[in-house]
Amino acid sequence: MFSPWAVYESAWDISEDFLKKNGIKALLLDIDNTLSVHCGGTPFLEVTGWLERMKAAGIKVILVSNNHAPRIKPFAEKLDLPYVTDAKKPLPFGYIKALFEIGVKKREAAAIGDQIFTDIIGANLAGIRSIFVFPKVPETSLPFRFKRALEKPLLPSRRRIGGR
Ligand SMILES: [Mg+2]
């Protein structure tokens with residue numbers, strides 16, 4: 001339940017070959033601390049090129065965030081991607097809605113995110129393969145630091161990074 005199916009340092013380390021080898025045709029992507037800083041308007045530098053590679057390889061991508069439309073919509077439009085807001089991860093419904101929107105079956109998808117308690121548990125509950133990526137910029141707010149402290153003993157080892 002707490003354990004991701006695969007582990008990578010960052011989303012953009014995931015190759016189209018790895019996805020194809022595992023029959024993955026679509027990615028359900030977290031945003032905050034996965035593609036940008038928490039609530040940041042600009043994706044990390046590596047993101048655009050990686051998304052272009054995914055597109056060229058025929059991998060569908062949809063953003064699935066617990067954050068709200070005013071934050072997510074402009075970000076998604078910048079990347080020209082479909083999105084689900086207020087996903088309420090770890091509840092599985094946001095992921096299910098995303099799959100429905102892009103017309104992909106559970107077994108053809110993987111969900112990527114930086115939080116065990118939302119992204120990974122949510123994907124595992126939905127029956128979708130989960131890929132953990134390490135959070136990019138540590139949050140400074142007290143509630144988030146508390147959450148991260150609770151999560152710490154459950155974090156996968158960096159030795160797990162890479163293919164399956
Ligand atoms: Mg996140």
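What's counted below: heavy atoms across the whole structure, side chains too, no hydrogens, waters or symmetry copies. Just follow the structure's listing: the first ligand is 1, and inside any ligand the first atom is 1. Residues take their numbers from the sequence shown, with the count starting at 1.
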Show all protein N/O/S atoms under 2.8 Å from the Mg ion (ligand 1), or state that there are none.
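Counting only protein N, O or S atoms under 2.8 Å from the Mg ion (ligand 1), the list reads Asp30 OD2, Asp32 O, Asp114 OD1.
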Between the side chains of Lys136 and Ser10, is a donor N or O closer than 3.5 angstrom to an acceptor N or O?
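Indeed, the side chains of Lys136 and Ser10 share at least one donor-acceptor pair under 3.5 Å.
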Would you please classify the geometry between the Trp5 ring and the Phe18 ring as parallel, tilted or perpendicular, with 30° and 60° separating the classes?
tilted
Distance in Å, Ile120 CD1 paired with Ile112 CD1, rounded so as to fall on 0.5 Å steps:
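It is 9.5 Å, given to the nearest 0.5 Å.
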Applying side chain to side chain contact (heavy atoms under 4.5 Å, CB included), run through Leu51 and Val61 and close with a yes or a no.
CA-CA 8 Å; Leu51 287 174; Val61 175; 4.0 Å; yes
Against Lys89, only a single residue in Asp119, Thr118, Asn66 fulfils side chain to side chain donor-acceptor pair (under 3.5 Å); can you say which?
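Among Asp119, Thr118, Asn66, the one meeting side chain to side chain donor-acceptor pair (under 3.5 Å) with Lys89 is Asp119.
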Assess whether a salt bridge exists between Glu52 and Lys55, defined as any Lys/Arg side-chain N lying under 4.0 Å from an Asp/Glu carboxylate O.
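No salt bridge links Glu52 with Lys55.
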